[in-house]
Amino acid sequence: MAQRIAILGGTFDPVHVGHLVLAVCAREQLAADRLLLVPNVRSPLKSTTPQASFADRYEMLCLAVGDDSGVSISDIEGQRGGISFTIDTLRALRDEYAHGEFFLLLGGDALRDFSAWKDHQEVAALAHLVGVQRGVDPLAPAAPLKHVIEMPRIDVSSSLLRVRIAAGLTIDFMTPAAVVLYIRSHGLYRRA
């Protein structure tokens, strides 16, 4: 029997409660056996590079998830290095999880840009595309969706956390306490 694996990729620079709530909602609504969080090295559709290193972002994800046995963090894109193309990741995951049925979680921006993705038709063949409905924000998919999952609208973003840290403001409760401590102890996201 195929293992149902939901995949959430992203920069996670840093991880925040919105990512974690999405993870819970996806596991529940897709009846997923496992949720796989996949931090990228560098997104092909973003002109900027992440502020924190891949190693720091990977460690923060591990701290955020803790000992939740239904969630795994994959360093597959970190091992490969360079620009992170979803198709390359899915091909590698197909080899790693031979009996996996993949569900790729896509927010509004990813859905709008989907036709610009490298080998987007093969991406849709390798994984069921799942739209993420945040609150009442309408989805405008440019991709064939297998499912739509709903989650509450949470107005927290990685960019908001970076701005608050740079301004010397707290990010308590916007990300797990262990991640807050990691950011502070490693001096991440402070302006130079």
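Here the structure is a predicted model, which is why all the values come from computation and not from measurement. Any value given below was found using the heavy atoms of this structure, including those in side chains, with hydrogens, waters and symmetry copies removed.
- Counting non-hydrogen atoms of other residues, nucleotides and ligands closer than 6.0 Å to CD of Gln3 gives a total above 12.
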Show me, pair by pair, the donor-acceptor contacts under 3.5 angstrom made by side chains of residues 37-45, not counting sequence neighbours?
{"from": "Ser43", "atom 1": "OG", "to": "Leu45", "atom 2": "N", "distance (Å)": "3.3"}

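- The side-chain hydrogen bond (donor to acceptor under 3.5 Å, both in side chains) search around Asp172 returns Thr170, Arg184, not counting sequence neighbours.
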Practice item. Show your working on side chain to side chain contact (heavy atoms under 4.5 Å, CB included) between Ile171 and Leu160 and close with a plain yes or no. Key: CA-CA 9 Å; Ile171 58 167; Leu160 172 67; over 6 Å; no
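- Checking side-chain atoms of Arg4 against main-chain N and O of Leu30 turns up a donor-acceptor pair under 3.5 Å.
- With sequence neighbours excluded, no residue forms a salt bridge (Lys or Arg N to Asp or Glu O under 4.0 Å) with Asp75.
- Here CG of Leu126 is found 10.0 Å from CG of Leu93. Values are rounded to the nearest 0.5 Å.
- The distance from atom CG of Leu111 to atom CG of Leu106, rounded to the nearest 0.5 Å, is 5.0 Å.
- Applying the side-chain contact (heavy atoms from CB on, under 4.5 Å) rule to Ala64 yields the partners Val15, Leu20, Pro176, Val179; only residues at least two apart in sequence or on another chain are considered.
- Aromatic ring pairs are classed by plane angle as parallel below 30°, tilted from 30° to 60° and perpendicular above 60°; the pair Trp117 and Phe114 is tilted.
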Check your understanding: Can you list the steps and then say if Val180 with Phe173 is a side chain to side chain contact (heavy atoms under 4.5 Å, CB included)?
Key -> CA-CA 9 Å; Val180 174; Phe173 306 109; over 6 Å; no
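- The two atoms that bring Leu145 and Gly131 nearest to each other are CD2-N, 3.7 Å, heavy atoms only.
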Point to revise | side chain to side chain contact (heavy atoms under 4.5 Å, CB included) evaluation trace for Ile149 with Leu22 | key: CA-CA 9 Å; Ile149 62 167; Leu22 171 54; 3.6 Å; yes
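- Contacts of Val17 classified as side-chain contact (heavy atoms from CB on, under 4.5 Å), with partners at least two apart in sequence or in another chain: Ile154, Val156.
- For Lys46, there are no salt bridge (Lys or Arg N to Asp or Glu O under 4.0 Å) partners at least two apart in sequence or on another chain.
- Of all heavy-atom pairs spanning Ile5 and Leu36, the tightest one is CG2-CB, 4.1 Å.
- Among residues two or more places apart in sequence or in another chain, the salt bridge (Lys or Arg N to Asp or Glu O under 4.0 Å) test is passed with Asp119 by Arg91.
- Note on residues 18-53: pairs passing ring-ring contact (aromatic ring centres under 6.0 Å, His included), not counting sequence neighbours, are Phe12-His19, His16-His19.
- Residues meeting the side-chain hydrogen bond (donor to acceptor under 3.5 Å, both in side chains) test with Thr175, sequence neighbours left out: none.
- Proximity of a side-chain donor or acceptor of Arg34 to a complementary backbone N or O of Ser69 within less than 3.5 Å is detected.
- Pairs of residues two or more places apart, or lying in two chains, never qualify as ring-ring contact (aromatic ring centres under 6.0 Å, His included) while including a residue from residues 49-94.
- Residue-environment remark: CD (Glu122) exceeds the threshold of 12 foreign heavy atoms within 6.0 Å.
- Legend: side-chain hydrogen bond (donor to acceptor under 3.5 Å, both in side chains) pairs involving residues 93-107, not counting sequence neighbours, sorted by first then second residue: Glu101-His128.
- In terms of the side-chain hydrogen bond (donor to acceptor under 3.5 Å, both in side chains) criterion, Thr49 has no residue partners (sequence neighbours excluded).
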